[in-house]
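Let me begin by handing over the structure; questions about it come next.
Quick caveat, the model's predicted, so the values are computed rather than measured. This chain uses plain numbering: 1 for the first residue, then up along the sequence.
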Amino acid sequence: MRGGGNLRHASRLLLLAVAVAACWGGGAEGHGVHPLSRIAIHRARVALDASAAVRASPNLLGSRGEDTAWVTVEFKIPRASDGDWIGVFSPSNFNASTCPGSHGSGPGPAICSAPIKYQFANYSSGYNRSATGALRFQLINQRQDFSFGFFTGGLSNPTLVAVSDRIAFANPKAPVYPRLALGKTWNQMTVTWTSGYGISEAHPFVEWGMKGSHPVHAAADTVTFGRESLCGEPARSVGWRDPGFIHTAFLKNLSPEKQYYYKIGHTLHNEKVVWGKPKSFRAPPYPGQKSSQRVVIFGDMGKDERDGSNEYQNYQPASLNTTDALIRDLDKTDIVFHIGDISYANGYLSQWDQFTQQVEPITSRVPYMIASGNHERDFPNSGSLYNGTDSGGECGVPAETMYYAPTEKRDNFWYSMDYGMFRFCVADSEHDWQEGTEQYMFLDRCLGTVDRAKQPWLVFIAHRVLGYSSGFFYGFDGEFAEPMARQSLEGLWRRHRVDVAFYGHVHQYERTCPVYEERCVPDGHGTVHVVVGGGGSHLSNFTAVAPPWSVYREMDYGFGKLTASDARSLQFEYRRSSDGKVYDSFTLHRD
């Protein structure tokens with residue numbers, strides 16, 4: 001921020017912090033607190049007890065090529081307590097010798113890596129009475145082996161009393177969790193995936209083509225990142241986990257709306273090919289093409305555990321509901337925008353693998369475009385516009401590596417995208433967007449260079465609310481948006497006749513009338529602003545009284561869906577995640 005706005009901006013952020021605490025209720029019930037951050041792993045003691053035991057079976061997973069597996073964990077202890085818990089660690093060796101700079105001797109933490117998930121022992125029926133129990137965990141292929149630690153002392157003073165033998169997937173390095181995204185031209189699709197194979201071990205590629213044609217191979221680029229690439233805690237300490245290798249291939253010169261089939265693979269030095277599972281996608285329409293084009297938009301989904309681990313029901317209680325609703329609607333979906341606060345890993349890097357596995361049924365079939373949010377990017381002195389700690393020291397690195405987006409610079413996460421009758425201008429709300437900045441000039445170009453005769457529907461997207469929201473913490477001081485946002489951007493939206501603007505960040509649904517300068521105006525003279533931040537994370541409150549421009553608001557979980565079939569009308573629907581039914585809708589008309 002510049003000039004005299006700094007003090008005003010900082011003061012308002014302080015007010016917002018107070019309002020957020022009031023809105024989300026603090027941490028008494030764990031709402032808003034990452035489950036893994038509740039474990040004081042740096043205070044853990046090791047006191048192995050010969051009379052305690054933990055055993056996991058089976059010890060070989062994925063023998064038929066599966067990427068997920070259910071594991072039964074049995075355990076016993078001389079005396080049970082409510083604070084006993086089972087943690088899943090990967091790699092399986094998690095003692096002091098694995099700590100950075102440690103050789104296993106001298107002072108320092110006994111354990112310096114957080115588990116990838118946990119369950120309390122008393123989730124097993126009768127545990128408190130018998131001091132024995134059994135739990136089921138779902139594991140995914142994450143490139144390393146696993147072991148289970150049995151802890152007493154609760155999450156705040158954990159004591160390790162038993163460790164299981166190691167278990168592993170048959171091929172921990174296998175290519176997994178393909179993620180589609182549009183490239184920098186309309187007729188290009190990118191395929192990104194994760195594996196344990198570096199470029200010195202294997203050649204990554206995608207085999208692809210239309211049905212009945214001879215398939216071709218597209219070589220993939222390979223990247224990774226190290227602990228030093230991150231900017232703070234816990235990402236550089238207890239949350240660190242090796243991300244493996246991330247590969248991206250570009251499938252070019254696609255024919256519009258044709259069906260393509262593809263497989264990810266790696267050719268080893270002995271010429272053996274390790275394949276992923278066969279998948280397919282439909283190529284995007286060309287700019288201006290008139291056909292049925294269906295766009296799903298939501299934010300703030302995060303992840304959950306199907307085995308009940310980590311108490312995610314207090315953190316992202318509807319993440320799986322939204323995921324499953326999107327999967328059920330996938331045959332009627334062409335492209336998805338997840339507009340920030342993606343995995344909520346918050347510096348616990350193992351959770352990015354968990355998230356990519358959760359959404360793989362979606363990302364492997366339709367383009368999955370992302371925007372940058374505070375839980376991906378923000379950390380003090382990292383170049384973010386906001387100095388919060390919401391990214392947990394990630395500073396955008398995992399999100400920008402795990403998911404492709406057609407940005408010009410990786411850290412400046414703004415981009416434009418043409419999709420049939422749509423032009424999407426995706427802003428990066430975590431970098432400065434005020435007039436005169438690099439991002440403002442990009443947005444002016446993106447919004448101003450579209451041919452509305454061919455692409456009549458112009459959509460603005462950002463994570464934080466840069467337009468209108470009556471969420472409690474935005475309405476706390478009466479501004480109803482990020483500080484200075486509308487003062488900087490509303491003129492752009494009016495000048496370029498933006499049809500709809502979408503935001504996340506506020507965990508609820510809200511729709512405005514076509515609005516300009518806080519007044520409802522006729523269609524075509526203002527922009528409809530829609531908050532679709534109810535993707536899965538704990539809900540946010542509204543102001544007690546709805547402002548005049550707020551047409552519909554609902555404190556529930558759901559997602560938005562745009563449908564364009566021609567240049568004359570654009571339909572929007574808001575669907576709840578719980579049942580997939582439509583609870584709000586509107587239609588924009590063009591002459």
Side-chain angles (χ1 to χ4, degrees), residues 182 185-187 255-258 282-298 329-337 339 366-367 369 416-426 443-461 467-468 490-503 509-516 519-532 549-552 558-575 580-591:
L182 296 190
T185 60
W186 71 266
N187 60 350
S255 297
E257 298 194 328
K258 296 297 185 182
R282 192 170 75 138
Y286 63 80
Q289 182 171 347
K290 292 174 175 58
S291 59
S292 179
Q293 295 156 18
R294 302 155 298 184
V295 183
V296 166
I297 306 181
F298 61 90
D329 197 46
L330 205 54
D331 287 338
K332 300 176 183 178
T333 300
D334 297 309
I335 186 169
V336 171
F337 283 87
I339 58 175
V366 299
M369 313 305 298
S416 66
M417 201 183 74
D418 294 323
Y419 190 89
M421 291 176 283
F422 291 97
R423 162 70 63 89
F424 296 97
C425 297
V426 181
L443 292 172
D444 194 13
R445 289 194 306 273
C446 181
L447 297 170
T449 56
V450 61
D451 183 350
R452 301 300 287 274
K454 294 181 178 179
Q455 294 170 275
W457 308 117
L458 185 56
V459 180
F460 177 87
I461 289 173
Y468 292 84
E490 198 160 30
L492 279 184
W493 300 327
R494 177 69 175 265
R495 183 164 69 251
H496 298 305
R497 297 181 295 120
V498 172
D499 296 297
V500 191
F502 289 97
Y503 314 100
Y509 169 74
E510 184 172 21
R511 169 173 66 91
T512 74
C513 59
V515 60
Y516 179 67
R519 296 191 304 274
C520 293
V521 296
D523 285 358
H525 295 273
T527 299
V528 177
H529 296 262
V530 184
V531 175
V532 282
W549 39 258
S550 182
V551 174
Y552 187 99
F559 55 93
K561 187 173 185 180
L562 289 168
T563 301
S565 298
D566 55 41
R568 292 182 174 273
S569 62
L570 175 65
Q571 181 188 51
F572 173 81
E573 297 173 333
Y574 162 69
R575 297 172 178 259
K581 294 181 179 179
V582 176
Y583 286 84
D584 182 40
S585 64
F586 67 88
T587 302
L588 295 179
H589 297 280
R590 286 282 178 271
D591 293 333

>> Checking V295 against F422 for the side-chain contact (heavy atoms from CB on, under 4.5 Å) test, could you report, in this order, the C-alpha distance in whole Å, the side-chain angles of both residues, the deciding distance, and whether it holds?
In response: CA-CA 10 Å; V295 183; F422 291 97; 3.9 Å; yes
> Run the side-chain contact (heavy atoms from CB on, under 4.5 Å) check on T527 and F460 step by step: do they pass?
Replying inline: CA-CA 10 Å; T527 299; F460 177 87; over 6 Å; no
> Given side chains that start at C-beta, do those of Y419 and D334 come closer than 4.5 Å, heavy atoms only?
Replying inline: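 Sidechains of D334 and Y419: in contact.
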>> Against Y509, only a single residue in Y503, F559, Y574, F298 fulfils ring pair (Phe, Tyr, Trp, His ring centres under 6.0 Å); can you say which?
In response: Y574
>> Could you tell me if the side chain of R511 sits less than 4.5 Å from the side chain of D584, heavy atoms only?
In response: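 A side-chain contact exists here, since the closest heavy-atom pair is under 4.5 Å.
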>> Minimum heavy-atom separation for A283 and S255, please, with both atom names.
In response: CB-O, 3.2 Å
>> Between Q455 and D418, does the side-chain contact (heavy atoms from CB on, under 4.5 Å) criterion hold? Intermediate values first, please.
In response: CA-CA 8 Å; Q455 294 170 275; D418 294 323; 3.1 Å; yes
> More than 12 foreign heavy atoms under 6.0 Å from CZ of R495: is that the case here?
Replying inline: yes
>> Could you tell me if the side chain of R423 sits less than 4.5 Å from the side chain of C446, heavy atoms only?
In response: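 In short, these two side chains touch, coming nearer than 4.5 Å.
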> Side-chain donor-acceptor pair under 3.5 Å between S291 and Q293, yes or no?
Replying inline: yes
> For the residue pair W186 and P285, what are the closest heavy atoms and their distance?
Replying inline: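 Residues W186 and P285, closest heavy atoms: CE3-O, 3.6 Å.
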> So, R282 side chain and E257 main chain: donor-acceptor pair closer than 3.5 Å or not?
Replying inline: no
> Looking only at heavy atoms, what is the nearest atom pair of S585 and V582, with distance?
Replying inline: CB-CG1, 4.3 Å
> Is any NZ, NE, NH1 or NH2 atom of the basic residue among K561 and D329 found under 4.0 Å from an Asp or Glu carboxylate oxygen of the other?
Replying inline: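 Between D329 and K561 there is a salt bridge, with a charged N closer than 4.0 Å to a carboxylate O.
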> From F572 CZ over to I297 CD1, what is the distance, rounded to the nearest 0.5 angstrom?
Replying inline: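 Answer rounded to 0.5 Å: 7.5 Å.
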> Between I335 and V366, is any pair of side-chain heavy atoms under 4.5 Å apart?
Replying inline: no
> How far apart are the closest heavy atoms of R575 and G580, and which atoms are they?
Replying inline: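 Taking R575 first and G580 second, the nearest heavy atoms are NH1-O, 3.0 Å.
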> Atom OG of S565 and atom NZ of K290: how far apart are they, to the nearest 0.5 Å?
Replying inline: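 These two atoms lie 12.0 Å from each other.
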>> Using 0.5 Å steps for rounding, measure from the CE atom of M421 to the OG atom of S292.
In response: 8.0 Å
> Any idea which heavy atoms bring T512 and V528 closest together, and the distance?
Replying inline: O-CG1, 3.4 Å
> Which heavy atom in L447 sits nearest to a heavy atom in L458, and how many Å separate them?
Replying inline: O-CD2, 3.7 Å
> Would you say F337 and F502 make side-chain contact, with heavy atoms under 4.5 Å?
Replying inline: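 Side chain of F337 against side chain of F502, heavy atoms only: no contact under 4.5 Å found.
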> Taking the side chain from Y468 and the backbone from C513, do they hold a donor-acceptor pair closer than 3.5 Å?
Replying inline: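 No; zero donor-acceptor contacts below 3.5 Å.
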> Given side chains that start at C-beta, do those of K454 and P287 come closer than 4.5 Å, heavy atoms only?
Replying inline: no
> In Å, rounded to the nearest 0.5 Å, how long is the span from CD of Q571 to CZ of F586?
Replying inline: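 Going from CD on Q571 over to CZ on F586, the span is 9.5 Å.
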> Would you say the side chain of R294 lies within less than 4.5 Å of the side chain of T563, judging by non-hydrogen atoms?
Replying inline: yes
> Side-chain contact, heavy-atom cut-off 4.5 Å: W493 with H529?
Replying inline: yes
